[in-house]
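Written below as structure tokens is the structure these notes are about.
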Amino acid sequence: MTDNDLTKLDAALQKAKKTPPPPTKKSDAGALRCATEMLAALLVGVFIGVTLDKWWATQPLFLIVFFFLGSAAGFLNVWRTLTKKD
Amino acid sequence: MATPLDQFAISTIGPVVTVEGFPLALTNSALAMLASCALLMVLVRMALRRPALVPNHSQSIAEQVYLFVAQMVEDNAGTKAKPYFPLILTLFMLILFGNMLGMVPGSFTFTSHISVTFALASFVFLFVTAVGFYKHGLRFLSLFIPKGVPILMLPLMIVIELISYLSRPISLALRLFANMMAGHIMLKVFAGFVFTLGAAGVFPLIINVALTGFEFLIAFLQAYVFAVLSCLYLSDALNLH
């Protein structure tokens, strides 16, 4: 190994150190996680809607209202899951 | 005919005692829980029987697990969460042992039942909410008021935030239960193919070997995810924005 090889290696090392490491892949931010977040919020929304309808005998008014509120909460959950900066 | 779902059947062990018309008995699920608790306690006791400054193998493993969870709590919930570290460690180890004992052929996986995972998740949810109210009083309710929202939109956003908050235990329970159940069904289905395909059954056999390894990964990962999410929820309750 000559001095020239070593300087080349050194230059390559310096260059490698300067480039930032590739972003690490999130371990559990996959499709299944988003699906459960979405589903859970929808379940809560529909449950609240059905319960309120039963109390006030207003079928299906609150079911419809809370279905949409639940899906909005589901999107909020998915958004928070995916934009978390860890 | 045996189906892939037979492994989840609950059966009673020993006598059934009826209390006020409500039958009480030891089930295979409860037995699996007791077994994982007992194994956990015995293993940790054995590991720390003769604590030394330079640890032997088993003591080293116990210390690594302790440090791993301590680091996880600090990373995800901050130093304020230190007092709750024992709870997170207990939850993590119980779920981990439950998942891992479920990988023993013929054993019962108690985390594959939503009643169990939902009970665990509800406990975390109620505990975190109680901690939030205890630490901040009614100011904890400001968690439901997102920042920078026009007054006109506020009633709508509060309801959405409330639903999002209430969905936490359900998504926590659903994730653990769905992962464990789906994985164990898949193992049984491919095991069934091994026999029905005759000589070609060697291919599903190879897949099953890979799936078993994958299931071990899932068993660890889901216990980890449950503990991390508990830390994050705790962090929300401790560090109000």
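Just the heavy atoms: all of them, side chains too, but no hydrogens, waters or symmetry mates, feed the values below.
Side-chain N/O atoms of B:Tyr84 and B:Ser230 include no donor and acceptor closer than 3.5 Å.
Considering only heavy-atom pairs separated by less than 4.5 Å from chain A, the leading option among B:Leu174, B:Ile160, B:Leu172 is B:Ile160. Annotation: maximal heavy-atom pairing with chain A below 4.5 Å, among B:Ile170, B:Leu156, B:Ile163, B:Val159, occurs at B:Ile163.
At a 4.5 Å heavy-atom cutoff, A:Leu42 makes no contact with chain B through either its backbone or its side chain. Residue A:Leu43 touches chain B through its side chain alone, counting heavy-atom pairs closer than 4.5 Å. Of the two parts of B:Leu229, only the side chain, counted from C-beta on, holds a non-hydrogen atom closer than 4.5 Å to a non-hydrogen atom of chain A.
Aromatic ring pairs are classed by plane angle as parallel below 30°, tilted from 30° to 60° and perpendicular above 60°; the pair B:Phe68 and B:Phe220 is tilted.
Looking at every heavy atom in both residues, B:Ala32 comes nearest to B:Phe108 through CB-O, 3.7 Å.
Of the listed residues (A:Thr58, A:Ile64, A:Val65, A:Ile48), just one forms a side-chain contact (heavy atoms from CB on, under 4.5 Å) with A:Asp53, and that residue is A:Thr58.
Within 6.0 Å of CZ on A:Phe47 lie no more than 12 heavy atoms contributed by other residues, nucleotides or ligands.
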